[in-house]
Amino acid sequence: MALPHLTASHFKEQRIVNEPSAMPVRVRFAPSPTGPFHIGGARTALFTWLFARRHGGTFILRIEDTDRKRYDPEALRLLLDGLRWLGIDWDEGPEVGGEFGPYFQSERTELYRQWADWLIEHDKAYRCYCTPERLAEVRERQKTNRESLGYDRHCRNLTPAERDQQHAETGGHYVVRLKMPLDGETTVHDILRGDITFDNRQLQDLVLLKSDGFPTYHLANVIDDHFMQVSHIMRAEEWISTAPVHKHLYDAFGWPTPKIAHLPVILSPSGKGKLSKRSVAFTDGGRKVPVLLHEFVEAGYVPEALVNFLTNVGWSFGDDREVFTVQETIERFDLDRVNPAGSAFPLEKLDWLNGLYIRDMAPDKLAALLKPVFEHAGYTPSDDQVLAVVPLVQPRIKTLNEAIDFVGFIFADTFTPAPPEDLIQKKMDAAGTKAALEQALAALEGLPDFDAATQEAALRPLAKELGLNPGQLFGALRVATTAQQVAPPLFETMAVLGRDTSLARIRGAIASLDHTG
RNA sequence: GCCCCCAUCGUCUAGGGGACCAGGACGUGGCCCUUUCAAGGCCAAGACUGGGGUUCGAAUCCCCAUGGGGGCACCA
């Protein structure tokens with residue numbers, strides 16, 4: 001009988017027991033306003049928010065605007081709008097405040113500076129006077145010598161006299177670096193992965209305070225998470241490698257380390273590399289893969305579908321269910337069903353889900369969503385016109401934008417007839433098509449009403465009479481009235497178009513067939 | 001190069017030593033329905049990366065290999 005090993009399954013058992021801890025759940029999403037809102041960030045925000053809501057905790061939004069060079073004032077608006085669009089609300093943060101503010105790191109610089117000084121005073125950190133040029137040189141040398149890359153700790157070993165001299169020479173220009181242990185190991189506990197152990201010799205004396213006086217992520221993050229009483233850190237997987245540094249920072253301050261879960265990354269649909277705005281990917285169909293949240297909005301996805309989709313990537317509902325509401329997700333979301341493996345972005349599944357949600361939607365709600373889409377495409381339909389068109393598109397579109405191809409022509413100011421040859425259906429010729437259209441025209445003209453059912457009652461027997469398949473007659477009429485080979489069902493379409501317009505177009509088609517003979 | 005993480009159908013996933021000749025979903029193919037396109041219904045093909053252990057028994061636990069991913073900034 002072998003001794004039981006400490007295995008992943010042990011962690012999982014422990015996790016379930018320990019999860020509802022006495023400490024109130026306080027989690028944060030802490031984006032950096034340096035550019036558009038990335039879908040990966042949106043997923044991290046969603047999972048964090050779901051976790052907070054599931055545990056009756058507090059969801060904090062904190063803006064990590066400590067990078068002056070990359071700061072983008074537009075980014076914050078995109079971020080807040082994006083979160084709201086997804087239905088993610090925050091209990092503390094911009095616009096709502098909270099007792100642990102301010103929630104913009106740029107307004108907390110004094111705090112970071114104080115604690116950086118504290119670290120220096122307590123010999124946990126040191127001032128580094130190395131210029132970017134020297135750092136680059138060190139780097140180059142390490143590369144040519146095939147050594148492992150990193151700061152050589154030059155300033156850590158300065159004598160007090162040398163330090164004073166450097167201070168004077170550089171005009172007090174310095175960064176603050178954390179004094180990491182030079183040997184031994186550091187173990188970080190990740191909720192999804194268990195213990196992760198690092199060799200301290202691989203770890204860096206990372207910069208905590210930049211020469212412009214702003215903190216780096218490492219410092220600001222640790223200080224804020226501590227003072228904002230964050231219980232669980234949830235962030236993307238790319239932070240794993242700096243987690244041990246953060247652990248040492250907490251230890252240096254003498255603060256407890258929050259529980260940490262590194263969420264898996266979303267990969268490009270090909271599975272090759274992170275889903276990135278820099279390396280634009282395309283689907284097999286040649287469609288550009290959306291990456292930024294506003295690209296999903298513009299592509300005609302609806303928030304309920306995107307949220308449902310995002311929860312299906314890296315997390316699973318269980319019970320073999322793929323479709324569920326946010327409320328249902330909140331009721332059962334937890335970290336133990338988060339898959340630590342990165343996943344390719346299954347865009348086709350989003351299309352399917354989006355279509356599902358569209359078909360499920362109340363017609364007036366769909367109309368409200370569709371109107372701006374039509375307007376963006378250059379049409380100006382009235383509310384009633386959009387509502388009339390909803391039944392035509394609702395069962396057949398996967399994204400809102402697809403409605404434009406189906407029914408956009410209905411709102412167009414001018415009608416461009418299809419070339420006459422397009423009117424001619426399979427196994428038909430120009431003369432036969434012309435005759436069929438003339439017969440149909442006559443039948444339609446005499447109708448007491450122009451609703452779909454009345455039209456059908458007249459035209460279906462006519463097709464038989466003419467010895468045509470329904471598809472032949474209806475196809476010719478479809479092209480005549482819509483100038484499209486693909487359109488919503490004919491009778492409904494003509495009903496929306498109106499009798500006058502429909503008949504005029506049929507007459508035009510008949511005339512165009514004269515010229516082809 | 002160094003460090004770290006991960007590994008089930010093409011893809012997203014279920015799976016926690018026996019209930020697994022591995023379940024669901026998307027996509028794909030076929031059939032039905034049909035007025036083009038959809039939607040809907042039915043059916044089908046399709047995976048435990050490899051090798052060693054542990055065990056009566058491994059998709060599941062351990063090790064190695066391989067593959068993929070992430071990181072190695074005065075960016076987050």
Side-chain angles (χ1 to χ4, degrees), chain A residues 1-2 4-5 7-9 12-13 30-32 34 64 66-67 69-70 128 130 132 135 139 142-143 146-151 174-177 190 193 196-199 202-204 206-212 214 216-218 220-221 236-244 262 264-265 267 269 271-274 284 309 312-323 337 339-353 355 359 393-398 402 405-406 425 456 459-460 463 469-475 477-479 482 484-491:
Chain A
M1 178 79 200
H5 293 285
T7 63
S9 60
K12 289 194 172 179
E13 284 157 26
S32 180
T34 51
E64 309 222 330
T66 56
D67 185 342
K69 297 186 197 79
R70 295 199 306 155
C128 169
C130 293
L135 260 25
R139 209 184 160 71
Q142 287 167 337
K143 268 186 181 167
R146 290 171 169 268
E147 295 166 25
S148 54
L149 274 32
Y151 179 55
Y174 60 86
V175 302
V176 177
R177 286 182 187 272
D190 181 281
R193 288 163 248 265
I196 305 172
T197 299
F198 297 81
D199 183 341
Q202 301 290 340
L203 270 22
Q204 301 284 313
L206 289 185
V207 172
L208 300 177
L209 204 66
K210 296 180 262 188
S211 59
D212 62 3
F214 278 77
T216 60
Y217 170 84
H218 313 295
N221 181 263
E237 194 182 341
E238 45 259 51
W239 292 106
I240 290 180
S241 49
T242 45
H262 289 99
V265 290
L267 273 23
K272 302 282 179 197
K274 271 200 293 190
D284 289 342
F309 167 75
N312 271 318
V313 180
W315 183 78
S316 62
F317 190 87
D319 297 348
D320 284 345
R321 285 185 60 192
E322 316 272 334
V323 185
R337 296 194 74 84
N339 182 350
S343 46
F345 196 71
L347 192 65
E348 326 75 45
K349 209 161 182 172
L350 172 60
D351 288 337
W352 165 73
L353 264 174
R359 272 172 260 137
V393 296
Q394 189 160 20
R396 38 183 60 79
I397 57 174
K398 287 194 164 94
E402 286 169 12
D405 288 340
F406 271 109
Q425 300 297 299
E456 183 163 12
L459 291 182
R460 204 172 278 282
N469 296 327
Q472 290 175 302
L473 178 60
F474 303 163
L477 285 166
R478 172 175 299 109
V479 176
T482 69
Q484 295 182 179
Q485 300 282 359
V486 174
L490 179 66
F491 310 127

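Lettering of chains follows the sequences in order, A, B, ..., and the numbering in each one begins at 1. Note: hydrogens, waters and symmetry copies are ignored here, and every other heavy atom, side chains too, is used.
- Scanning for side chain to side chain donor-acceptor pair (under 3.5 Å) contacts around A:D67 gives A:R70, with sequence neighbours left out.
- Separating the CZ atom of A:F345 from the C1' atom of B:G69 is a distance of 17 Å, rounded to the nearest angstrom.
- For the P atoms, the distance from B:U60 to B:C21 is 14 Å, rounded to whole Å.
- A:K349 pairs by the side chain to side chain donor-acceptor pair (under 3.5 Å) definition with A:E322, not counting sequence neighbours.
- With distances taken from any side-chain atom of A:K349 to the nucleotides B:A14, B:C3, B:C12, the minimum falls on B:C12.
- Residues that satisfy the side chain to side chain donor-acceptor pair (under 3.5 Å) test with A:E238, not counting sequence neighbours, are A:K274.
- Spacing between B:A58 and B:C72 at atom C1', rounded to whole Å, works out to 37 Å.
- The nearest whole Å value for the distance from the CG atom in A:L353 to the P atom in B:C26 is 9 Å.
- Here the separation of B:U8 from B:A22, taken at their C1' atoms, is 8 Å to the nearest Å.
- For A:N339, there are no side chain to side chain donor-acceptor pair (under 3.5 Å) partners at least two apart in sequence or on another chain.
- Of the P atoms belonging to B:G46 and B:C9, the separation is 14 Å, rounded to the nearest Å.
- For A:L350 and B:G27, the CG to C1' distance is 14 Å, given to the nearest whole Å.
- Here the shortest heavy-atom pairing between A:I240 and A:F198 reads O-CZ, 3.7 Å.
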Table of protein N/O atoms under 3.5 Å from nucleotides 5-10 of chain B N/O atoms:
from: B:C5; atom 1: O2'; to: A:R193; atom 2: NH1; distance (Å): 3.0

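- A:D212 pairs by the salt bridge (Lys or Arg N to Asp or Glu O under 4.0 Å) definition with A:R68, not counting sequence neighbours.
- Listed by chain and residue number, A:E456 satisfy the salt bridge (Lys or Arg N to Asp or Glu O under 4.0 Å) test with A:R460 (two or more places apart in sequence, or in another chain).
- Residues forming a salt bridge (Lys or Arg N to Asp or Glu O under 4.0 Å) with A:R139 (at least two apart in sequence, or on another chain): none.
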Dump the intermediate steps for side-chain contact (heavy atoms from CB on, under 4.5 Å) on A:T216 and A:K210, then the final yes or no. CA-CA 7 Å; A:T216 60; A:K210 296 180 262 188; 3.8 Å; yes
Which nucleotides of nucleotides 28-40 of chain B have their base under 4.0 Å from a protein heavy atom (B), which only their sugar-phosphate (S), and which neither (-), written as one string 5' to 3'? -------BBBBSS
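- Every salt bridge (Lys or Arg N to Asp or Glu O under 4.0 Å) that A:D199 has, sequence neighbours left out, goes to A:R201.
- Between B:C20 and B:G1, the two P atoms lie 44 Å apart (nearest whole Å).
- In this structure A:F317 satisfies the ring-ring contact (aromatic ring centres under 6.0 Å, His included) test together with A:F324, sequence neighbours excluded.
- Separating the C1' atom of B:A14 from that of B:G23 is a span of 6 Å, rounded to the nearest Å.
- Straight-line distance between the C1' atoms of B:A47 and B:G15: roughly 13 Å, to the nearest whole Å.
- When the P atom is compared between B:G50 and B:U55, the two are found 23 Å apart, to the nearest whole Å.
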Assign a letter to each nucleotide of nucleotides 71-76 of chain B from its 5' end: B, base within under 4.0 Å of a protein heavy atom; S, sugar-phosphate only; -, no contact. SSSBBB
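- In this structure, CZ of A:F309 is placed 13 Å from P of B:G27, rounded to the nearest angstrom.
- Atom CG in A:N312 sits roughly 13 Å away from atom C1' in B:U11 (whole-Å rounding).
- Pairing each heavy atom of A:Y151 with each of A:C130, the nearest pair is OH-SG, 3.2 Å.
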